[in-house]
Amino acid sequence: MRVLPNGPRVPAVLQVLRWLRQPIPMLEACRRRYGDTFTLRFPGFDPLVLMSDPTAIKEIFTGDPDELRAGEANVVLAPFVGSDSLLLADGARHRRKRRLLMPPFHGERMQLYGELMRAITDRVIDAWPVGRAFPIHTETQGITLDVILRAVFGLDEGAQMDALRARLVEGASVVTEHPMLMIKWLQRDLGPLTSWRRVETLRAEVDALLFTEFARRRREKRSDRTDILSLLMAARDEEGRAMSDTELRDEMITLLLAGHETTATTLAWVIQHVLEHPAVHARLRTELLERDAGVGEPVGASDLPYLDATIKETQRLMPIIPLVGRRLHTAMPVGGYELPAGVVAAPCAYLTHRRPDLWEEPDVFHPERFLGKRPSPYEFFPFGGGARACLGAAFASFEMKIVLARILTRVEMRAVPGYQVRVVRRGITFAPSEGMPVVIEQRAA
Ligand code: HEM
């Protein structure tokens, strides 16, 4: 008989409540009590076996994706992303979709979007008040949403973009303010004033706007467009098939949901850590001023090494998606355990990134540890790993560098005195509390 690794014995309902309210203390308490591997149980979900030993993580990330299924583990996202989403696909269907979606996200392509990212960031910075506190997370959300709408959807400023933006912002806030909506049996229409009804209405409105945009693009027949939607509309699979409208819609919503809040929240965490560490802040400014970065030059993966290390160190300490899942198709050994079919093996970035045997002083923020080093993908994996690793990792890393380069060179910023950061859950991501309030002391043109 196969026995799942140990884990909390309290009822599944209490486990999910703790997971929603105090995820980090829960993870830490479980590690103290049960070690590298433990099982969590949430009502309506398959048992979740969390792992934080690099050998086990390697087995999972390099294992057969047909046996270790990420799509099945992501099923909770179905009502948000749509059933045709890449995130929910497994096997041959996933490989086909990934081949269609991957090319626009390749490193060199990213350079095309640099100018746009910089202009969007500058416009947002121009509107910041000087001398008055405001939440920086709301601002980074504005930046990353506009980057997606312009670079990924290819929308031009105007009524269409405003209409879509308004609905997406509202939809995201309903879901992030009501994390319980992630639970399958609460995803029900319980009447006109309920949050789920609002999500469904907004989704119908977003669909209508997107389908109108697809039709307009087809009529327009421009070949000079470089946005990701246009590239996807032109893409054909091996059999020469184009994507259908519903598939396009599901993939665009997937890119939006996967790419917007994740990048915005990571940016907010980088700013939070930098403001808490004046020496890091000073070193970053020196690096940026020396390079005079952000003045239209491309900011590639190897540019600005200290900024790169600071982003990575933030992602190490605060991987905003703390774990990823692979549902076992058949019973198999994973990480030294004989696991039954149907359980979800879950590499936990949060716990792996804080192992004292892998990281010296694991709880200390120390960007220098990444300088000139390439950590193993089984020890450091803020973007997940293997065949299912984040499709937008290069895009996000490039965007974060541009946005931070502009912010750190253009404004003198400090944290609000007395602010004590806590980790709060927003949908599936972990974010800084109160939107991470900051004060701008000075702004350069
Ligand atoms: C700092 C920002 C980001 C973080 C931390 C992040 C993190 C992640 C993680 C942890 C996964 C799951 C990987 C796994 O299961 O192994 C993922 C998947 C994915 N991400 Fe990201 N992501 C970010 C930005 C983006 C952006 C900008 C886009 C696109 C515009 C994007 C698109 C995707 C897609 C499409 C997937 C699913 C890939 C698949 O299932 O094959 N992400 N991301």
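Checking side-chain atoms of Trp269 against main-chain N and O of Phe430 turns up a donor-acceptor pair under 3.5 Å. Under the 3.5 Å distance criterion, the side-chain polar atoms of Glu247 are left unmatched by any main-chain donor or acceptor of Asp84. At least one donor-acceptor pair under 3.5 Å links the side chain of Gln15 to the backbone N or O of Arg41. A donor-acceptor contact shorter than 3.5 Å is absent between the side chain of Ser85 and the backbone of Gly82. A donor-acceptor pair is defined here as one N or O able to donate and one able to accept, closer than 3.5 Å; no such pair exists between the side chain of Glu170 and the backbone of Leu202. The main-chain N or O of Pro135 is never found under 3.5 Å from a side-chain atom of Glu434 such that the two would form a donor-acceptor pair. Although no hydrogens or angles enter the test, the distance criterion places a donor-acceptor pair under 3.5 Å between the side chain of Glu313 and the main chain of His366. Panel note: side chain Arg225, backbone Gly154; a donor-acceptor pair is recorded below 3.5 Å. Although no hydrogens or angles enter the test, the distance criterion places a donor-acceptor pair under 3.5 Å between the side chain of Thr314 and the main chain of Thr310. A distance-only check finds no donor-acceptor pair linking the side chain of His353 to the backbone of Pro362 [under 3.5 Å].
If you take CG on Leu101 and CE on Met252, they are separated by 9.0 Å, rounding to the nearest 0.5 Å. Taken to the nearest 0.5 Å, the CG atom of Leu256 stands 5.0 Å off from the CG atom of Leu168. Atom-to-atom distance recorded for Ile321:CD1 and Glu261:CD is 10.0 Å, nearest 0.5 angstrom. Taking CG of Leu391 as the reference point, atom CZ of Phe383 lies at 11.5 Å (rounded to 0.5 Å). Between atom CD1 of residue Ile24 and atom CG of residue Leu351 there is a gap of 9.0 Å, rounded to the nearest 0.5 Å. The OG1 atom of Thr39 sits 4.5 Å away from the CG atom of Leu4 when rounded to the nearest 0.5 Å.
When all heavy atoms of Met436 and Ala268 are compared, the closest pair comes out as CG-O, 4.2 Å. The two residues Val424 and Pro432 come nearest to each other via the heavy atoms CG2-O, 3.9 Å. Closest of all the heavy-atom pairs between Arg326 and Ala70 is NH1-CB, 3.6 Å. Minimum interatomic distance between Pro382 and Gln315 (heavy atoms only, all atoms of both residues): CB-CB, 3.8 Å. Taking every heavy atom of both residues into account, Ala345 and Ile60 meet most closely at CB-CD1, 4.0 Å. Residues Arg236 and Ala234 come closest through the heavy atom pair NH1-O, 3.2 Å.
Between Asp363 and Arg354, at least one side-chain N (NZ, or NE/NH1/NH2) sits under 4.0 Å from a carboxylate O, which counts as a salt bridge. A salt bridge between Glu379 and Arg355 is absent, with no side-chain N of the basic residue lying under 4.0 Å from a carboxylate O of the acidic one. A salt bridge is defined here as a Lys NZ or Arg NE, NH1 or NH2 lying under 4.0 Å from an Asp or Glu carboxylate O, and Arg217 with Asp227 meets this definition. Ionic pairing of Arg216 and Glu213 is present here: one or more N-O contacts between side-chain nitrogen and carboxylate oxygen are shorter than 4.0 angstrom. Ion pairing between Glu368 and Arg283 holds under the 4.0 Å rule for side-chain N and carboxylate O. By the 4.0 Å N-to-carboxylate-O rule, Glu360 lies too far from Arg369 to be salt-bridged with it. Between Lys401 and Asp303 no salt bridge is recorded (no basic side-chain N to carboxylate O distance below 4.0 Å). Between Lys312 and Asp308 there is a salt bridge, since a side-chain N of the basic residue sits under 4.0 Å from a carboxylate O of the acidic one. Checked for salt-bridge contact, Arg388 and Asp90 meet the test: a charged N lies under 4.0 Å from a carboxylate O. The pair Arg31-Glu28 fails the salt-bridge criterion, with no side-chain N (NZ, NE, NH1 or NH2) lying under 4.0 Å from an Asp/Glu carboxylate O. Between Asp146 and Arg150 there is no salt bridge, since no side-chain nitrogen of the basic residue lies less than 4.0 Å from a carboxylate oxygen of the acidic one.
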Evaluate side chain to side chain contact (heavy atoms under 4.5 Å, CB included) for Trp19 paired with Arg425, printing each intermediate quantity in order.
CA-CA 10 Å; Trp19 177 241; Arg425 174 186 288 285; 3.5 Å; yes

Start with the C-alpha gap between Arg95 and Asp66, add the side-chain angles, then the distance that decides, and say whether side chain to side chain contact (heavy atoms under 4.5 Å, CB included) holds.
CA-CA 11 Å; Arg95 286 190 285 278; Asp66 291 347; 3.5 Å; yes

Yes or no on side chain to side chain contact (heavy atoms under 4.5 Å, CB included) for Met26 and Leu40, after CA distance, side-chain angles and deciding distance?
CA-CA 10 Å; Met26 183 180 191; Leu40 298 181; 3.9 Å; yes

Dump the intermediate steps for side chain to side chain contact (heavy atoms under 4.5 Å, CB included) on Leu88 and Asn74, then the final yes or no.
CA-CA 6 Å; Leu88 303 179; Asn74 288 337; 4.0 Å; yes

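Between Tyr419 and Ser433, some side-chain heavy-atom pair lies under the 4.5 Å cut-off. Put simply, the side chain of Met51 does not reach to within 4.5 Å of the side chain of Asp36, judged on heavy atoms. Contact of the Glu287 side chain with the Pro305 side chain is registered, since non-hydrogen atoms from C-beta on lie closer than 4.5 Å. Taking 4.5 Å as the limit, some side-chain heavy atom of Leu275 sits within range of a side-chain heavy atom of His281. Looking at heavy atoms from C-beta onward, Leu229 lies in side-chain contact with Phe214 at the 4.5 angstrom threshold. Taking 4.5 Å as the limit, every side-chain heavy atom of His94 sits out of range of all side-chain heavy atoms of Arg69. Side-chain contact between Val49 and Tyr337 is absent, with no heavy-atom pair separated by less than 4.5 Å. In this structure, Tyr350 and Pro23 have side chains that are not in contact, with every pair of non-hydrogen atoms separated by 4.5 Å or more.
Aromatic ring centres of Phe398 and Tyr113 lie farther apart than the 6.0 Å criterion allows.
In this structure, Arg374 places its CZ atom where only 12 or fewer heavy-atom neighbours from other residues, nucleotides or ligands lie under 6.0 Å away. The number of heavy-atom neighbours closer than 6.0 Å to CZ of Arg218, taken from other residues, nucleotides and ligands shown, is above 12. For Arg93, the CZ atom is densely surrounded, since the number of other residues' heavy atoms within 6.0 Å is greater than 12.
Between Phe38 and Tyr34, the ring planes are tilted. Angles from 30° to 60° get that label. The aromatic rings of Phe61 and Tyr378 are tilted relative to each other, their planes meeting at an angle between 30° and 60°. Below 30°, between 30° and 60°, or above 60°: for Trp359 and Phe370 the angle between ring planes is between 30° and 60°, a tilted geometry. Classification of the Phe45-Phe42 ring pair by plane angle, with boundaries at 30° and 60°, yields perpendicular.
Defined by atom type and a distance below 3.5 Å, a donor-acceptor pair is missing between the side-chain atoms of Thr263 and Thr144.
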